[in-house]
Q: 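The structure under discussion is supplied below as structure tokens; questions concerning it will follow.
Please read all numbers here as calculations on a predicted model, not as lab measurements. Proteins come first, then strands; the chains are lettered A, B, ... in the order of their sequence lines, and each starts at number 1.
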Number of protein chains: 2
Amino acid sequence: MAEIRTGDTRERILDAGERLFMAHGYEGTSMRQITSEAGVNLAAVNYHFGSKEALMQEAFRRRLDWLNEERMRVLDLMEAEADGKPLKPSQIVDGFFGTLLRMAGDEKRGGVTFLRLLGRTLTEPSEFIRAFLAHEYKEVMDRYKEALFRALPDVPKAEIVWRFHFMLGATSYAIAGTDALRLVTDWQIEDEDSTDRLDRLVPRLMSFLLGGLRAPLPQFSDTTAASN
Amino acid sequence: MAEIRTGDTRERILDAGERLFMAHGYEGTSMRQITSEAGVNLAAVNYHFGSKEALMQEAFRRRLDWLNEERMRVLDLMEAEADGKPLKPSQIVDGFFGTLLRMAGDEKRGGVTFLRLLGRTLTEPSEFIRAFLAHEYKEVMDRYKEALFRALPDVPKAEIVWRFHFMLGATSYAIAGTDALRLVTDWQIEDEDSTDRLDRLVPRLMSFLLGGLRAPLPQFSDTTAASN
DNA sequence: CTTTAATTCATACGTTCGTTTTAATCATAG
DNA sequence: CTATGATTAAAACGAACGTATGAATTAAAG
């Protein structure tokens, strides 16, 4: 005893929760759905995690910890190679968003299921989720933000922050909507099967993000200019 | 009798529902919260709308009907002036996304509250919401999609559809996140008060969207090319 | 006025929610 | 073996949910 007994009940619950939260949202998923799908007793969630909220947080933590460490690792590597010189915007965008998207192909890291969950949850109204994600994301966000400031010294910082914002939104949608938004818009991408789709999504999204990031600066109608 | 008695109870419920659905999501908002905030009896929602789902749909319809009619009107006008020639991409983007964003300044049309609700709901997991929005959006989507095809004849249609997709995501986030994503990312836009923020958001987002829309086409690693 | 339909109200229904409790089962150490 | 702690299981808890009912109230018509 006293050893960390990593029974598979925990993992089964996390897997079921991840998939159901992705499909129906946090409020729309009940503990009975989760435990039923996981094939475990109802009380198991509270025993292993303490509460439904704690389960949601743990479901994110086991994926985000790896993702953000990987993002840090990639950034460290690129900056070491750059030897003090600013990175290229394309490198930074790929380090942040490319690393995320490549998770989708790694079933061991949650695959597309987690990515869709993340995409949807970034607009999730629940207070505790937003607060949790803010804490989890703060460190890596600041690092990449700084890298972008150095890479684009002529672009006002406020503008860069906004465009990072926009890039997050486009990426979130691209992920969450791989089959959700198609329902909303009733679009159909012809000539592509589902295996192709993800491989092609990455370069498509990267082109779009970089185009937006490097777009000409906006002209405001009034006279006040944004500071740098 | 027999006249359409447009009492203010209906409107009070719609206003309260719009705000609460925006703040806490559909599943996270109860009928008791809504009726309490509206200052009406609990049974009033089922009397006036029939069900909670029907209330949600009506809350969207009263805003989306105007928005999509306005989008159609603007597109008709531009195409009439173009006299058969293709529109400029910037015109099309402004007609679709600019019209949406300008709603935020019109309190009579729901203002920022509705825009945030819409932004969040586009990723809402609930099936009936997505199905409803798909129906409401289909017509205007197809029109703008066609306009973009004509404006960008050299860009593969599949690419345009994806980029429309990305633009929707960026816009949705920009709206929903005007104070929600700031919590997630812990970013602070200095040097701007809240009245400025919205006025400047429009040109900022437009620059980004157009930069992404007109970005160089992605290079796929395999040989198969997307059709036109 | 009276009549009639529309609306509001208080209240209750049956269900489902997240959580807790208590007992049963399992695994391991001595 | 017995003893001990970890895990699973069945059952119940009170609270909150969306909805339905029937009476009270309001407003307009004749």
Q: Sub-3.5 Å donor-acceptor pair from the side chain of B:Tyr26 to the main-chain atoms of B:Ile129, do we have one?
A: no
Q: In chain order, what residues pass the side-chain contact (heavy atoms from CB on, under 4.5 Å) check against A:Ala104, with sequence neighbours excluded?
A: A:Val112, A:Leu115, A:Leu198
Q: What pairs meet the ring pair (Phe, Tyr, Trp, His ring centres under 6.0 Å) rule with one or both residues in residues 50-75 of chain A, with sequence neighbours excluded?
A: A:Phe60-A:Phe114
Q: Can the positive tip of A:Lys145 be found less than 6.0 Å from the middle of the six-membered ring of A:Phe96, inside 45° of the ring normal?
A: no
Q: Can you tell which of C:dA12, C:dT7, D:dA6 lies closest to the side chain of A:Tyr47?
A: D:dA6
Q: Using atom CG of B:Asn46 as one end and atom P of D:dC17 as the other, report the distance to the nearest whole Å.
A: 14 Å
Q: Provide, to the nearest angstrom, the distance between the CG atom belonging to A:Leu42 and the P atom belonging to C:dT21.
A: 14 Å
Q: Report yes if at least one side-chain N or O of B:His48 is closer than 4.0 Å to OP1 or OP2 of C:dT8; otherwise report no.
A: yes
Q: Sequence neighbours excluded, which residues qualify as side-chain contact (heavy atoms from CB on, under 4.5 Å) partners of A:Ser30?
A: A:Arg32, A:Gln33
Q: Could you state the atom-to-atom distance from CD of A:Glu27 to C1' of D:dG18 in whole Å?
A: 15 Å
Q: Identify, with sequence neighbours excluded, every residue that meets side-chain contact (heavy atoms from CB on, under 4.5 Å) alongside B:Arg62.
A: B:Glu11, B:Leu14, B:Asp15, B:Glu18
Q: Quickly work out the A:Asp8 CG to D:dT8 C1' distance and round it to whole Å.
A: 12 Å
Q: Where do N or O atoms of nucleotides 15-17 of chain C meet protein N or O atoms at under 3.5 Å, pair by pair?
A:
residue : atom : partner : partner atom : Å
C:dC17  : OP1  : A:Ser30 : OG           : 3.3

Q: Tell me every residue that passes side chain to side chain donor-acceptor pair (under 3.5 Å) with B:Arg73, counting only those two or more places apart in sequence or in another chain.
A: B:Glu70
Q: Find the distance A:Arg12:CZ to D:dT8:C1' and express it as a whole number of Å.
A: 13 Å
Q: Would you say C:dA10 has OP1 or OP2 under 4.0 Å from some side-chain N or O of B:Asn41?
A: yes
Q: Among pairs that include at least one residue of residues 91-104 of chain A, which meet side chain to side chain donor-acceptor pair (under 3.5 Å), considering only residues two or more places apart or in two chains?
A: A:Asp94-A:Arg102
Q: Can you name the atoms? Protein N/O to nucleotides 21-24 of chain D N/O, anything below 3.5 Å, with the distance.
A:
none

Q: Would you please confirm or rule out a distance under 4.0 Å between OP1 or OP2 of C:dG18 and any side-chain N or O of A:Ser51?
A: no
Q: Name all residues meeting the side-chain contact (heavy atoms from CB on, under 4.5 Å) criterion together with B:Met72; count only those two or more places apart in sequence or in a different chain, and write none if there are none.
A: B:Glu139, B:Val140, B:Arg143
Q: Using whole Å, what does the distance between atom C1' of nucleotide C:dA6 and atom CZ of B:Arg10 come to?
A: 14 Å
Q: Between D:dT8 atom C1' and A:Ile13 atom CD1, what is the distance in whole Å?
A: 11 Å
